[in-house]
Amino acid sequence: MQNAEVRQSHIAVIGGGFTGMVCAFRLLRAGYRVTILEREVELGGLSATQSYGSFNWDRFYHCILTSDKPLLSLIRDLGLESELRWNKTEVGLFAHGELHQMTGPTDLLRYRHLSLLSKARLAIMTWYITRLRNGRKLEGIPLCQWTRRLFGKNVYSQIWEPLLRCKLGEMRKYASAAFLWGTIVRLASTREKGPGTQECLGYLHGGYGTLFKRLQQTVNSLHGETSLGVDIRGIGAGRSDVPGEGVLIRARHKDIYVDGVVLTTPNRVVASMLQVEDHQYKERLGQVMYLGIVCTVLVLKRKLSSFYVTNVAEKIGFTGVIEMTNLIDPEQETNGRHLVYLPRYTSPSDPLFAASNDEIWAHIQPDLKRIFPDLQEEDIESRYVFRHKDVQPVPTIDYSTIAPPVRTPVAGVYLANTSQIINNTLNNNAMTSIAEATCDALMQDIPAVQQLQQTAEVGEKPSVFTETQGVRAACTA
């Protein structure tokens with residue numbers, strides 16, 4: 001009798017952002033050989049860390065919800081549960097030229113710009129939305145039409161229409177009612193039970209950089225490989241009859257053969273790389289409409305308000321105000337400075353993407369002064385602008401029929417990106433779930449170790465097999 005010689009299956013993960021790193025971690029832990037290929041010269045993507053002078057924090061704003069089960073499970077797996085911090089947060093609304101607290105039901109009762117009947121309708125219909133269990137039924141209903149009918153003309157014109165315009169811009173007319181359902185249900189999951197309901201949100205000490213750094217360390221410890229600055233020109237079928245060469249990656253300077261590929265890049269990049277004759281598939285990728293983000297970040301010497309999030313019910317140059325240091329501890333995290341994000345979600349074709357940082361500041365500064373008239377230039381220690389064109393997929397009508405599946409038409413090539421978020425807003429909990437689903441599908445199709453040939457007699461211990469066993473044992477320890 002003979003023993004079978006085996007080898008690890010080699011998987012390439014395209015994209016070194018949060019989703020790609022989670023995929024690499026899951027696959028390495030399951031016993032695969034993994035190589036991360038990243039086009040940029042740094043890892044991180046939307047989860048990258050930025051130096052703000054006297055401290056480091058996230059380039060784009062993030063928070064963790066108590067209901068984020070996949071993300072919290074990942075944090076536990078990485079041994080970071082002790083770094084979690086939770087805090088109650090306040091919510092504000094800028095409307096009719098004034099700041100209003102809108103944290104709980106009593107705040108709504110005090111809001112004088114809506115009648116008692118309108119307030120009751122707003123509260124009851126919001127509660128009703130949280131009781132809907134299946135957002136798919138709302139995918140065929142236009143967002144603005146449904147919201148106006150549900151809440152009434154007055155509430156819609158004063159509250160929802162300005163908020164939807166801020167969040168989606170002109171793309172709101174393409175969105176389905178499932179967008180609002182997903183947003184409200186997610187936010188409702190952060191609230192405590194009882195009459196004085198208040199949002200309770202979380203973060204990691206050190207920001208998302210703590211999580212991403214631990215992911216990198218774990219990937220390295222499991223012998224994952226990382227290559228930066230890799231310009232991929234095409235991905236297609238390789239030589240299925242040759243072990244380890246089922247998928248061919250054509251990079252600028254060399255060809256790379258692997259057993260499988262996980263793509264974590266936006267759809268337009270996937271369409272440009274994937275060498276496939278299935279034109280309907282590429283059309284499907286192109287049907288997904290993305291929102292980009294232009295995010296101005298301010299490092300302040302003082303706080304602006306007591307609110308973590310200030311929603312804006314007026315037409316201004318940014319989506320809202322996220323005062324991060326009303327969630328995180330400024331003494332522990334930001335060297336006593338106050339960190340404020342001013343995001344603008346907009347079409348990738350918006351001229352703001354080509355504008356200079358000073359031009360963007362000139363565009364939004366008057367609006368910021370409207371909300372906080374006492375903010376002085378000397379209060380601003382520094383400011384930054386970060387841009388990304390493919391961030392949030394727009395949940396258009398019947399989006400479930402558009403969102404691309406995990407398996408692509410190329411055997412051995414899988415997809416895990418934001419376009420697969422269905423009836424939810426962009427968040428790392430959703431991306432953790434998507435990464436895990438993609439890895440599960442890949443593991444069903446491609447075993448972690450593969451038989452090569454019959455070589456060794458019984459009693460012998462081939463070095464390749466012993467090494468593979470050691471890797472798998474380390475991964476499952």
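The first residue in the sequence is number 1, and the count goes up from there.
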* Asked: Any side-chain heavy-atom pair from Tyr399 and Ser176 closer than 4.5 angstrom?
  -> no
* To do: Would you sort out whether Asp58 and Phe386 count as a side chain to side chain contact (heavy atoms under 4.5 Å, CB included), showing the intermediate values?
  => CA-CA 11 Å; Asp58 307 329; Phe386 305 112; over 6 Å; no
* To do: Return yes if some donor-acceptor pair links the side-chain N/O of Asn326 with the main-chain N/O of Ser305 below 3.5 Å, else return no.
  => yes
* Give a yes or no on whether Lys153 atom NZ has more than 12 heavy-atom contacts from other residues, nucleotides or ligands under 6.0 Å away. => no
* Asked: Do Asn429 and Leu65 come close enough that some side-chain heavy atom pair is under 4.5 Å?
  -> no
* To do: Could you tell me whether Gln280 atom CD has more than 12 heavy atoms of other residues or ligands within 6.0 Å of it?
  => no
* Asked: Can you tell me how far the CZ atom of Phe307 sits from the CD1 atom of Ile322, to the nearest 0.5 Å?
  -> 14.0 Å
* Structure fact -> Closest heavy-atom pair, Gln392 versus Leu426, reported as atoms and distance to 0.1 Å, is OE1-N, 2.9 Å
* Asked: Under the 3.5 angstrom rule, does the side chain of Asp278 hit a backbone N or O of Pro409 as a donor-acceptor pair?
  -> no
* **Ile159 side chain near Pro162 side chain, heavy-atom distance below 4.5 Å** => no
* Asked: Less than 4.0 Å between a side-chain N and a carboxylate O, is that true for Arg268 and Asp390?
  -> yes
* **Leu298/Leu368 under side chain to side chain contact (heavy atoms under 4.5 Å, CB included): CA gap, chis, key distance, verdict** => CA-CA 11 Å; Leu298 303 179; Leu368 187 62; 3.7 Å; yes
* Structure fact -> The side chain to side chain contact (heavy atoms under 4.5 Å, CB included) partners of Glu40 (sequence neighbours excluded) come to Glu38
* Measure the shortest side-chain to side-chain distance between Asp350 and Arg344 over non-hydrogen atoms and say whether it is less than 4.5 angstrom. => yes
* Would one find more than 12 heavy atoms of other residues, nucleotides or ligands at under 6.0 Å from atom OH of Tyr174? -> no
* Residues that Arg383 engages under salt bridge (Lys or Arg N to Asp or Glu O under 4.0 Å), provided they are two or more places apart -> Asp358
* Structure fact -> Here the pair of heavy atoms bringing Val288 nearest to Ser419 is CG1-CB, 4.0 Å
* Might you work through the side chain to side chain contact (heavy atoms under 4.5 Å, CB included) test for Leu300 and Ile380, ending with a clear yes or no? => CA-CA 5 Å; Leu300 303 180; Ile380 304 174; 3.7 Å; yes
* Assess whether side chain to side chain contact (heavy atoms under 4.5 Å, CB included) is satisfied between Ile64 and Trp86, documenting all intermediate values. => CA-CA 9 Å; Ile64 301 170; Trp86 298 98; 4.0 Å; yes
* Taking atom CG of Leu108 and atom NZ of Lys119, what is their separation to the nearest 0.5 Å? -> 6.5 Å
* Backbone N/O of Leu138 and side chain of Trp146: donor-acceptor pair under 3.5 Å -> no
* **Partner set under side chain to side chain contact (heavy atoms under 4.5 Å, CB included) for Ser51, not counting sequence neighbours** => Asn56
* Structure fact -> dist Met289:CE -> Leu291:CG (nearest 0.5 Å) comes out at 8.0 Å
* To do: Taking the side chain as every heavy atom from C-beta outward, state whether Arg214 and Gln217 have any pair of such atoms under 4.5 Å apart.
  => yes
* Asked: For the side chain of Thr19 and the backbone of Met431, is there at least one donor-acceptor N/O pair under 3.5 Å apart?
  -> no
* **Test salt bridge (Lys or Arg N to Asp or Glu O under 4.0 Å) applied to Arg233 - qualifying residues, sequence neighbours left out** => Asp231
* Mind listing the closest non-hydrogen atom pair of Glu323 and Leu304 along with its distance? => OE2-N, 2.6 Å
* Asked: Taking only residues two or more places apart in sequence, or in another chain, which ones meet Arg136 in a side chain to side chain contact (heavy atoms under 4.5 Å, CB included)?
  -> Asn134, Glu139, Ser400, Ile422, Asn423
* Measure the shortest side-chain to side-chain distance between Val321 and Phe94 over non-hydrogen atoms and say whether it is less than 4.5 angstrom. => no
* **Closest non-hydrogen atom pair between Leu327 and Asn87, with its separation** => O-ND2, 3.0 Å
* Asked: Under the side chain to side chain contact (heavy atoms under 4.5 Å, CB included) test, which residues partner Ile360, sequence neighbours left out?
  -> Val294, Thr296, Leu352, Ala355, Val385, Arg387
* To do: Mind checking side chain to side chain donor-acceptor pair (under 3.5 Å) for Ser382 and listing every partner two or more places apart, or none if nothing turns up?
  => none
* **Counterpart residues, salt bridge (Lys or Arg N to Asp or Glu O under 4.0 Å), relative to Glu359 (two or more places apart)** => none
* **Residues which pass side chain to side chain donor-acceptor pair (under 3.5 Å) with Asn220, listed by chain and number, not counting sequence neighbours** => none
* Asked: Got Phe18 and Leu211 here, is their nearest side-chain heavy-atom distance under 4.5 Å?
  -> yes
* Distance-only, no hydrogens or angles: does the Ser73 side chain make a donor-acceptor pair with backbone N or O of Lys69 under 3.5 Å? -> no
* Asked: Crowded around Arg85 CZ? As in, over 12 foreign heavy atoms under 6.0 Å?
  -> yes
* To do: Decide, yes or no, whether a salt bridge links Arg26 with Glu436 under the criterion of side-chain N to carboxylate O below 4.0 Å.
  => yes
* According to the interplanar angle, ranging from 0 to 90°, do the rings of His113 and His96 count as parallel (below 30°), tilted (30 to 60°) or perpendicular (above 60°)? -> parallel
* Asked: Does any N or O in the side chain of Asn427 come within less than 3.5 Å of the main-chain N or O of Thr425, such that one atom is a donor and the other an acceptor?
  -> yes
* Structure fact -> Closest non-hydrogen contact found for Gln376 with Lys369 is NE2-NZ, 4.0 Å
* **Candidates Thr264, Thr265, Asn267 - the one meeting side-chain hydrogen bond (donor to acceptor under 3.5 Å, both in side chains) with Asn417** => Asn267
* Which atom of Tyr281 lies closest to which atom of Thr408, heavy atoms considered -> OH-CG2, 3.5 Å
* Asked: With sequence neighbours excluded, what pairs up with Glu42 under the side chain to side chain donor-acceptor pair (under 3.5 Å) test?
  -> Arg59
* Hey, what do you get for CD (Glu90) to OH (Tyr308), rounding to the nearest 0.5 Å? -> 13.5 Å
* Asked: About how many Å separate CD1 of Ile316 and CD1 of Ile371, when rounded to the nearest 0.5 Å?
  -> 4.0 Å
* Asked: For the rings on Phe60 and His62, is their centre-to-centre separation under 6.0 Å?
  -> no
* Determine whether Ile14 and Val269 make a side-chain contact, defined as any pair of heavy atoms from C-beta on separated by less than 4.5 Å. => no
* To do: Please round to the nearest 0.5 Å and tell me the distance separating atom CG of Asp107 and atom CG of Leu109.
  => 9.0 Å
* Partners meeting salt bridge (Lys or Arg N to Asp or Glu O under 4.0 Å) with Arg121 (sequence neighbours left out) -> none
* **Set of residues satisfying side chain to side chain donor-acceptor pair (under 3.5 Å) with respect to Glu283, sequence neighbours excluded** => none
* With a 4.0 Å cut-off, would you call Arg172 and Glu161 a salt bridge? -> yes
* To do: Report, as yes or no, whether the 6.0 Å neighbourhood of atom NZ on Lys303 holds more than 12 heavy atoms from other residues, nucleotides or ligands.
  => yes
